[in-house]
Protein chains: 2
Amino acid sequence: MTVTSYVRCSNCAVSKFCLPHTLSSEDIGQLEGVVQQKRVLHAGETLYHTGDHFEGLFAISSGSFKSVVIATNGDSQITEFSFPGEILGFDAYHGKTHNSFAEALETSSVCFLPQAQLDLLSQKVPALQQQLYNLFSAEIQSNNEFLLMMGKRSAEDRLAALLINISSRYSQRGYSATHFRLSMSRTDIANYLGLTIETVSRLIRRFQKEGLIEVSQRDITIIDLVGLSELAGTHCTYEEHVPDASSGTA
Amino acid sequence: MTVTSYVRCSNCAVSKFCLPHTLSSEDIGQLEGVVQQKRVLHAGETLYHTGDHFEGLFAISSGSFKSVVIATNGDSQITEFSFPGEILGFDAYHGKTHNSFAEALETSSVCFLPQAQLDLLSQKVPALQQQLYNLFSAEIQSNNEFLLMMGKRSAEDRLAALLINISSRYSQRGYSATHFRLSMSRTDIANYLGLTIETVSRLIRRFQKEGLIEVSQRDITIIDLVGLSELAGTHCTYEEHVPDASSGTA
DNA sequence: CGAATAATTGACGGGGTTCAACTCCTGTGG
DNA sequence: CCACAGGAGTTGAACCCCGTCAATTATTCG
């Protein structure tokens with residue numbers, strides 16, 4: 001676990017998805033005084049465990065994570081996959097104890113935002129308080145949309161929606177929307193979507209047969225972005241232009 | 001729609017579930033200056049619609065609500081049922097537009113908390129800022145637990161968990177934990193749990209046959225609280241003592 | 001290379017949906 | 001008071017998506 005003491009939000013590639021997004025450069029300067037360290041985790045290492053005392057939030061600067069809640073009977077549910085610029089730990093602000101754990105899916109690095117100092121600073125800087133409210137709120141909103149998926153959509157729809165969601169998040173961060181490497185296992189995908197590995201495996205196969213995607217292990221190439229989006233039923237937000245619908249399937 | 005201009009949080013029966021909970025009486029005094037009006041809605045009336053501009057939060061002072069998100073293909077998902085003391089509108093803080101709608105399930109009243117004034121006050125009063133963070137966070141946490149249910153538990157478990165959840169919330173508010181009247185229809189319950197009406201109806205019947213509950217229309221009497229809790233798999237939080245397990249089913 | 005884990009594929013069964021008919025409430029108007 | 005309409009809820013029968021169980025293949029790692 002490597003520690004670097006200096007953090008410069010102003011230089012960070014993903015600051016526009018992160019806390020600094022709506023802040024002035026002056027405010028960012030103050031925030032940089034609060035962000036204490038950058039930590040590197042390797043695949044499988046956990047950022048915090050269930051039951052850990054809540055000390056502050058983590059901002060992902062590279063890599064990806066899964067957040068997992070565990071039921072009293074032992075079974076677990078991945079509640080979200082997180083990418084650079086996104087914040088981990090919001091669910092623990094209340095209660096002061098983490099009720100989920102966060103695990104790195106690949107080599108990843110995070111910035112640590114101590115709660116006490118963050119609270120103090122957000123008391124002084126309205127824009128920061130606002131941005132914290134915004135991020136909290138966005139988390140609730142995306143959670144609601146996910147609930148809709150889990151409650152109403154078929155296995156096929158859910159997998160399509162996940163692929164489109166990941167694609168769009170990579171795209172927003174400047175990577176290809178149509179070719180990427182999944183950082184999570186089939187098991188993780190199945191757990192997240194409330195399905196079994198077998199079902200996920202069969203669906204991936206079917207998507208290939210139908211010419212929607214090309215798959216080699218965890219490498220995904222989306223062939224028919226429009227077709228997949230229609231299955232997903234979500235209007236994804238891509239940075240660049242949305243491909244025209246002329247080649248869309250029925 | 002009736003409007004009363006004076007709101008006294010200090011006298012409110014549900015303040016301990018609401019924003020004032022952790023505030024000093026002095027801070028509550030300031031909060032009362034922000035809470036502008038009390039509105040009464042009848043069953044079926046909506047507090048806000050999808051797409052409405054976000055103006056502020058609503059605190060439920062009596063009655064109950066459902067929050068509903070709508071997919072682009074038209075189908076909808078109830079994301080939560082809300083009771084007195086709970087806050088509505090958190091999901092819209094980000095984006096400034098409601099992406100869900102809230103509908104009264106029975107005659108209900110709400111207090112309105114204008115965002116602009118709430119932001120200003122929370123900037124001055126640390127305890128209020130903290131409490132807002134807490135409520136945001138609690139919302140995310142309960143959302144995560146609900147996701148676990150939707151992803152991993154059977155129809156039977158989900159219905160049991162809902163009944164236990166409602167029972168415990170009534171109990172916390174000083175009502176009977178074992179006898180209450182559901183304010184939501186079977187259709188609402190089914191939608192919330194990601195099931196069909198028929199399944200819910202059959203399960204209710206089965207619970208009756210098994211001696212877990214007694215049902216007459218929307219009147220519920222829980223006969224075997226322990227047995228139902230075991231099905232639900234959740235450790236519910238009751239105000240008073242938890243009934244001893246000696247009469248529990250296997 | 002061999003063990004262990006991850007992923008695929010097939011056969012089968014069941015929990016829950018779908019479709020359909022029926023009953024029960026509730027309100028309304030003659 | 002009753003008739004009637006209409007929504008809400010119940011019940012039954014058939015189907016099917018997806019989970020379960022099991023065997024096989026691929027991949028990673030010591």
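Computed from heavy atoms alone, side chains included, the values below leave out hydrogens, waters and symmetry copies. The sequence lines fix the lettering, A, B, ..., with proteins before strands; numbering per chain opens at 1. Predicted, not measured: the structure shown is a model, and the values here were computed from it.
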Spacing of [X] atom [atom1] relative to [N] atom [atom2], expressed in whole Å:
X: B:Lys209; N: D:dT10; atom1: NZ; atom2: P; result: 13 Å
X: B:Leu203; N: D:dT10; atom1: CG; atom2: C1'; result: 13 Å
X: A:Leu193; N: D:dC17; atom1: CG; atom2: C1'; result: 16 Å
X: B:Arg186; N: D:dG9; atom1: CZ; atom2: P; result: 6 Å
X: B:Arg202; N: D:dG9; atom1: CZ; atom2: P; result: 15 Å

*Can you pull out how bent the helix from C:dC1-D:dG30 to C:dG30-D:dC1 is, comparing the axes over its first five and last five pairs, to 10°?*
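Helix axis angle between the two ends: 40°.
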Sequence neighbours left out, what passes side-chain hydrogen bond (donor to acceptor under 3.5 Å, both in side chains) with [X]? Give chain and number order.
X: B:Ser67; answer: none
X: A:Thr97; answer: none
X: B:Thr178; answer: B:Ser176
X: A:Glu145; answer: none

*Using the heavy-atom set of chain B and a strict 4.0 Å cut-off, write down the first and last nucleotide of DNA chain C that makes it in, 5' to 3'.*
C:dG16 to C:dC25
*asked:* Taking the cut-offs as 6.0 angstrom to the six-membered ring centre and 45 degrees off its axis, would you call B:Arg173 and B:Phe17 a cation-pi pair?
replied: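 Geometry flag: set, cation within 6.0 Å and 45°.
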*Pairing residues for A:Ala71 by the side-chain contact (heavy atoms from CB on, under 4.5 Å) criterion, not counting sequence neighbours*: A:Asn73, A:Asp75, B:Leu148
Indicate, with a heavy-atom threshold strictly under 4.0 Å, whether [X] touches base, sugar-phosphate, or nothing.
X: A:Arg158; answer: nothing
X: B:Ser185; answer: sugar-phosphate
X: A:Leu195; answer: sugar-phosphate

*Taking only N and O in the side chain of B:Arg205, is any of them less than 4.0 Å away from OP1 or OP2 of D:dT11?*
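For B:Arg205, the contact criterion (side-chain N or O under 4.0 Å from OP1 or OP2 of D:dT11) is met.
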*Could you note down all residue pairs passing salt bridge (Lys or Arg N to Asp or Glu O under 4.0 Å) where residues 175-198 of chain B supplies at least one of them, sequence neighbours left out?*
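Output for this query lists B:Lys66-B:Asp188, B:Arg181-B:Asp219.
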*asked:* Holding to ring-ring contact (aromatic ring centres under 6.0 Å, His included), I want the full list of residues that pass it with B:Phe54, two or more places apart in sequence or in another chain.
replied: B:Tyr93, B:His98
_Within the 4.0 Å limit for protein heavy atoms, which parts of nucleotides 22-30 of chain D are touched? Write it as a string from 5' to 3', B for base, S for sugar-phosphate only, - for none._
B----S---
*Residue pairs, two or more places apart or on separate chains, that pass side-chain hydrogen bond (donor to acceptor under 3.5 Å, both in side chains) and touch residues 47-62 of chain A*: A:Thr46-A:His49, A:Ser61-A:Ser109, A:Ser62-A:Ser109
*Distance-only, no hydrogens or angles: does the B:Glu139 side chain make a donor-acceptor pair with backbone N or O of B:Phe136 under 3.5 Å?*
no
Would you list the atom pairs, donor with acceptor, under 3.5 Å between side chains in residues 200-215 of chain B and any protein atom, with sequence neighbours excluded?
unit_1   : atom_1 : unit_2   : atom_2 : d
B:Arg206 : NH1    : B:Glu156 : OE2    : 2.6

